[in-house]
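What follows is a set of notes on a single structure, which appears directly below.
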Amino acid sequence: MLDFSTPVDRHGTWCTQWDYVADRFGAPDLLPFTISDMDFPTAPCVLDALQQRLAHGVLGYSRWNNSDFSGAIAHWYQQRFATAIDPATLVYGPSVIYTVSQLIRQWSQPGDGVLIHTPAYDAFYKTIEGNQRRVLALPLEQQDGEWVCDMARLEQALAKPECKIMLLCSPHNPTGKVWTRPELDTLAALCERHGVRVISDEIHMDMVWRGSHTPWSTVGRGVWALVTSASKSFNIPALTGAYGFISDPQAREAYLTALKGQDGLSSPAVLALVAHIAAYRDGSPWLDALRDYLRANLNYVAQTLNATFAQLNWQPPAATYLAWIDLRPLGLDDKTLQQALIEQQKVAIMPGYTYGAEGNGFIRLNVGCPRVKLEAGVARLIAAIRSLN
């Protein structure tokens, strides 16, 4: 019986979410629902594999380009997405954002534009602007409770001479949007038409609740990259390690040359390889149980908030364990709410404006935790809102 309900004390483990909450929120000892890692131990099969590798005792230089690693990834894509991958297109990176950043540098010049759908994961803004590129923001729109992309506006943005890359988040963080196959086909056709290269960040691919995830590798045209990791699904980001697929041989070789020659990263973190292989070979039962628990957590948030504030009528997202909650019907001031959450309720919940102007009026609450913690967090959120009414 897998246990996701028993809390694990993460204090004193150099934990970003717990030990360093003051860095972002200005106060220590807050109950955090912030960055997207989870408070659960990883899958037992992953822990067993790591222990076996540590028992070997030698932690020397390693290679990622081996049949165990590529075979595990191929197995996962076939099992979870009914998709065959081309092992020849596989690449490795220390993180998804490293690979995204490297490809932005290779596929564009300073001053060029990178299109993202907003509100957007805050690291996207930082990566684009940190590489002296410009954010081309295309807001997603809500229609009948679902997030949609205006394809006419998208084509206008892609047609701009300065637009060189579309950085796609699939599934989308923070809205939880799942891109449908027809939508992705349209995106691919428009990007090909206007000569725009695509980087698809699919790190939340295993956390889809409604619909199904379609890997970009099944729709991509021209030059593209799919970048992802098991780090979100199996809660192993501290091990580092990501992988991806780059369609074009020259683009792939340029990336791998930079990885090894420019950045000296040809030897991966061997425990990351071990963890990915174990997760993708043997982790499905654990992940399925985790998914059930996370869905129940999201439903708890919806039921509790809507029972207290009926005007919200908030529904769980189509994907991710990040509750993107629209508080605009309550007419609250974002900064005042954050002050009440932090100073009065001693809780840290991400303000929507972290993800761009389109996030004003929203909050992003991470439900990747035992229910007892989530219950306390939702109660504090409700108390903070009531204190402002």
Side-chain angles (χ1 to χ4, degrees), residues 1-10 13-18 35-56 59 62 64 66-83 85 92-96 171 173 202-209 212-213 215 227-244 268-298 319-322 366-374:
M1 183 68 180
L2 295 171
D3 178 15
F4 298 103
S5 296
T6 301
V8 176
D9 187 1
R10 300 181 69 187
T13 61
W14 315 303
C15 171
T16 299
Q17 184 162 192
W18 288 82
I35 62 171
S36 54
D37 70 356
M38 296 182 282
D39 290 325
F40 308 121
T42 189
C45 66
V46 172
L47 293 174
D48 289 345
L50 292 173
Q51 289 165 359
Q52 291 176 23
R53 186 65 181 83
L54 289 172
H56 180 266
L59 299 173
S62 304
W64 61 268
N66 61 73
S67 59
D68 289 330
F69 184 55
S70 62
I73 293 170
H75 171 75
W76 192 253
Y77 272 74
Q78 188 61 56
Q79 178 190 62
R80 307 298 290 199
F81 310 119
T83 297
I85 66 162
Y92 179 86
S95 71
V96 164
N173 174 15
E202 303 188 9
I203 201 167
H204 292 283
M205 63 189 187
D206 296 313
M207 300 295 180
V208 171
W209 319 123
S212 59
H213 176 69
V227 189
T228 191
S229 172
S231 62
K232 287 286 186 288
S233 306
F234 288 88
N235 203 35
I236 52 173
L239 293 178
T240 73
Y243 66 92
V270 68
L271 296 183
L273 296 187
V274 169
H276 273 78
I277 292 166
Y280 282 176
R281 284 293 184 187
D282 303 312
S284 277
W286 180 88
L287 181 64
D288 289 339
L290 170 67
R291 283 167 46 85
D292 289 342
Y293 195 89
L294 293 173
R295 291 193 73 173
N297 273 358
L298 288 166
T320 83
Y321 51 83
L322 306 168
N366 178 354
V367 308
C369 60
R371 177 65 62 83
V372 64
K373 177 193 172 190
L374 183 62

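FYI, side chains are in, hydrogens and waters are out, and symmetry mates aren't considered; it's all heavy atoms of this structure. All of these numbers come straight from a predicted model, not from anything done at the bench.
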Query raised in the report: Is there a donor-acceptor pair closer than 3.5 Å between any side-chain N or O of Asn297 and the backbone N or O of Val367?
Result: yes

Query raised in the report: With distance as the sole test, does Arg291 use its side chain to make a donor-acceptor pair with the main-chain N or O of Asp206 at under 3.5 Å?
Result: yes

Report task. Specify whether Tyr243 and Tyr280 have parallel, tilted or perpendicular ring planes, treating 30° as the upper limit for parallel and 60° as the lower limit for perpendicular. Result -> perpendicular

Query raised in the report: For the residue pair Gly283 and Phe234, what are the closest heavy atoms and their distance?
Result: O-CE2, 3.7 Å

Requested in this report: Can you see which heavy atom on Gly241 is nearest to which on Ser229, and at what distance?
Outcome: O-OG, 2.9 Å

Look up atom [atom1] in [X] and atom [atom2] in [Y], then write down how far apart they are to the nearest 0.5 Å.
X: Thr320; Y: His204; atom1: OG1; atom2: NE2; value: 6.0 Å
X: Leu54; Y: Gln51; atom1: CG; atom2: CD; value: 8.0 Å
X: Glu202; Y: Phe81; atom1: CD; atom2: CZ; value: 8.0 Å
X: Asn173; Y: Ile203; atom1: CG; atom2: CD1; value: 9.5 Å
X: Asp292; Y: Leu2; atom1: CG; atom2: CG; value: 10.5 Å
X: His276; Y: Leu239; atom1: NE2; atom2: CG; value: 9.0 Å

Query raised in the report: So do the side chains of Leu294 and Phe4 get within less than 4.5 Å of each other, counting heavy atoms only?
Result: no

Report task. Any pair with a residue in residues 38-54 that passes salt bridge (Lys or Arg N to Asp or Glu O under 4.0 Å), sequence neighbours left out, goes on the list, sorted by first then second residue, please. Result -> Arg10-Asp39, Asp39-Lys373

